[in-house]
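For reference, the structure is listed below as structure tokens.
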Amino acid sequence: MGITGLLTVLKEAQEPVHISSFKGQTLGIDGYVWLHKGAFGCSQEIALGQDTRRYVNYILKKIEMLRHFQIVPFVVFDGGSLTSKEETEMEREAKKNIQEGLRLFNMGLKKEAQTYFQRGINITPKFAKDVIEELKKKNIQYVVAPYEADAQLAYLEREGTIQGIITEDSDLIVYGCKKIIFKLDDAGNGMLFDRERLGQVRSFSLRGWTDETFRKMCILSGCDYLSSVHGVGLKRSHKYLQRSRDIKQIAENQWIAFHPQIDSENDEIRRVICSG
DNA sequence: CGCTAGTACTCAT
DNA sequence: GTACTAGCG
């Protein structure tokens with residue numbers, strides 16, 4: 001999913017951090033992020049159908065770095081890839097990129113082909129399976145989330161199983177997670193988002209806001225599983241919710257006022273937002 | 001100023 | 001998934 005501009009707007013709620021400040025604690029890892037980055041480095045082998053372990057080694061190297069700083073890793077993988085319209089579209093796009101890459105590759109244009117191979121990366125359950133095999137050997141905790149890894153990570157943090165999350169996906173903020181490490185590099189440096197610091201955000205005031213209102217702001221600004229309202233981003237979404245916490249009222253007053261043409265598509269959007 | 005849409009990037013040599 | 005930015009209302 002991902003909320004456009006959320007990390008930028010919440011910059012005052014983040015600060016540089018070294019992973020060692022979580023020494024002795026358990027950190028949840030968004031497995032998809034590392035799978036994708038790992039696969040990025042061996043996209044050619046994958047596209048050509050060659051056996052490669054490089055994406056497995058990439059993740060193991062990251063895990064070793066964490067353990068070096070005495071972090072207990074808990075890897076969470078996506079389970080049910082919810083077959084939505086967007087995902088099928090993404091897979092179609094990926095296949096087209098692989099095809100174009102193979103065409104260039106067979107012409108001897110290996111460098112040009114790589115760009116398309118990288119764009120064509122599609123993380124399948126096999127990738128996770130290969131990694132899980134190694135995690136088992138090393139006695140590293142992992143779980144395959146029944147739905148989305150996001151929701152599973154949020155649950156694990158809420159229940160106290162993990163004390164923070166490593167990811168690149170701003171959706172973890174929407175899901176209510178408290179401590180999230182973004183942009184973690186090989187040396188253990190990253191940016192820590194701390195939910196307790198939301199009151200320090202300067203773009204707009206979030207004081208007195210509940211997690212639920214915050215979530216509504218994000219959804220109203222546009223998200224993955226529904227076509228967003230044109231012209232409404234985070235700032236305007238915040239303005240509407242500041243005026244009225246009732247999203248249904250916003251839909252009736254603001255939205256219709258700004259978007260008088262209520263066609264079938266907008267009607268679907270309104271249904272989803274009002275139910276959320 | 002806020003939002004959209006386009007481009008470039010993730011690895012690792 | 002992210003960041004950055006030209007163009008537009």
Side-chain angles (χ1 to χ4, degrees), chain A residues 1-11 14 29-48 50 52-62 65 76-78 81-82 84 86-87 89-91 93-94 97 101 110-123 127 131 145 148-151 153 165-175 177 180-187 189-191 193 201-204 217-225 227-242 254-255 257-259:
Chain A
M1 228 194 282
I3 304 297
T4 304
L6 186 60
L7 255 42
T8 310
V9 114
L10 300 182
K11 60 171 182 260
Q14 301 167 65
I29 294 152
D30 187 345
Y32 179 84
V33 173
W34 287 358
L35 275 175
H36 201 271
K37 284 186 179 181
F40 199 84
C42 53
S43 59
Q44 179 179 300
E45 290 91 326
I46 293 165
L48 298 176
Q50 296 170 352
T52 178
R53 305 289 291 173
R54 283 172 68 189
Y55 55 87
V56 178
N57 294 337
Y58 176 84
I59 293 188
L60 293 181
K61 203 180 119 190
K62 290 277 194 187
M65 186 271 286
V76 178
F77 296 96
D78 274 292
S81 34
L82 295 164
S84 64
E86 279 75 22
E87 213 164 311
E89 189 57 46
M90 267 183 63
E91 280 176 6
E93 195 62 33
N97 280 311
K110 294 178 75 175
K111 206 181 179 81
E112 289 80 355
Q114 193 183 39
T115 306
Y116 287 91
F117 290 155
Q118 289 173 336
R119 286 182 197 160
I121 290 169
N122 179 37
I123 304 300
F127 289 64
V131 173
E148 287 186 317
D150 296 345
L153 285 160
I165 292 144
I166 298 170
T167 187
E168 303 299 337
D169 187 353
S170 65
D171 266 6
L172 275 297
I173 298 175
V174 185
Y175 277 78
C177 296
I180 312 169
I181 300 166
F182 294 99
K183 299 168 181 64
L184 182 67
D185 67 17
D186 287 339
N189 295 298
M191 285 295 281
F193 165 86
V201 168
R202 287 181 177 274
S203 303
F204 39 60
M217 174 182 73
C218 294
I219 293 170
L220 185 58
S221 81
C223 65
D224 212 26
Y225 53 88
S227 37
S228 53
V229 192
H230 196 89
V232 178
L234 278 168
K235 299 286 180 73
R236 283 173 192 160
S237 181
H238 176 273
K239 194 176 74 182
Y240 297 159
L241 280 156
Q242 190 76 296
Q254 306 303 324
W255 185 346
F258 283 97
H259 305 84

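Chain A is the first sequence line, chain B the second, and so forth, proteins listed ahead of strands; every chain is numbered from 1.
Computed from coordinates, the A:K11 NZ to C:dA3 P distance equals 11 Å when rounded to whole Å. Protein atom NE2 of A:H36 is 11 Å distant from nucleotide atom C1' of B:dC9, rounded to whole Å. Rounding to whole angstrom units, CG of residue A:D186 and C1' of B:dC11 are separated by 10 Å. Between A:K62 atom NZ and B:dC11 atom P the separation is 6 Å, expressed in whole Å. Taking atom CD1 of A:I166 as the reference point, atom P of B:dT10 lies 20 Å away to the nearest angstrom. Summarising the geometry, the separation between CZ on A:R54 and P on B:dA12 is reported as 7 Å, rounded to the nearest angstrom. The distance between atom OH of A:Y58 and atom P of B:dT13, rounded to the nearest whole Å, is 13 Å. To the nearest angstrom, P of B:dC11 lies 10 Å from CD of A:Q118.
Phosphate proximity of C:dT2 to A:S170: present, with a side-chain N or O under 4.0 Å from OP1 or OP2. Contact annotation: A:K235 side-chain N/O to B:dG2 OP1/OP2 distance is under 4.0 Å. Between A:K183 and C:dA3, a side-chain N or O to OP1/OP2 separation shorter than 4.0 Å is present.
Of the two residues contacting DNA chain B, namely A:G41 and A:T4, the nearest-nucleotide position lying further toward the 5' end is that of A:T4. Projected onto DNA chain B by closest heavy-atom contact, A:L234 and A:V33 fall at different nucleotides, the more 5' of which corresponds to A:L234.
If you check B:dC3, B:dT10, C:dA3 against the side chain of A:R236, the one that comes closest is B:dC3. Minimum atom distance to the side chain of A:L7 is reached by C:dA3, of the listed B:dT4, C:dA3, B:dA12. Counting only heavy atoms from C-beta on, A:K37 has its side chain closest to B:dC11 among C:dT2, B:dA5, B:dC11.
At least one donor-acceptor pair under 3.5 Å links the side chain of A:Q14 to the backbone N or O of A:L10. The closest donor-acceptor contact from the side chain of A:N122 to the backbone of A:A94 lies at 3.5 Å or more, if one exists at all. Side-chain atoms of A:D78 come within 3.5 Å of backbone atoms of A:A149 as a donor-acceptor pair (strictly under, hydrogens ignored).
In this pair, A:F182 and A:F193 present their aromatic rings perpendicular. The plane angle is above 60°, beyond the 30 to 60° band.
Shortest non-hydrogen contact noted between A:I3 and A:V174 is CG1-CG2, 3.7 Å.
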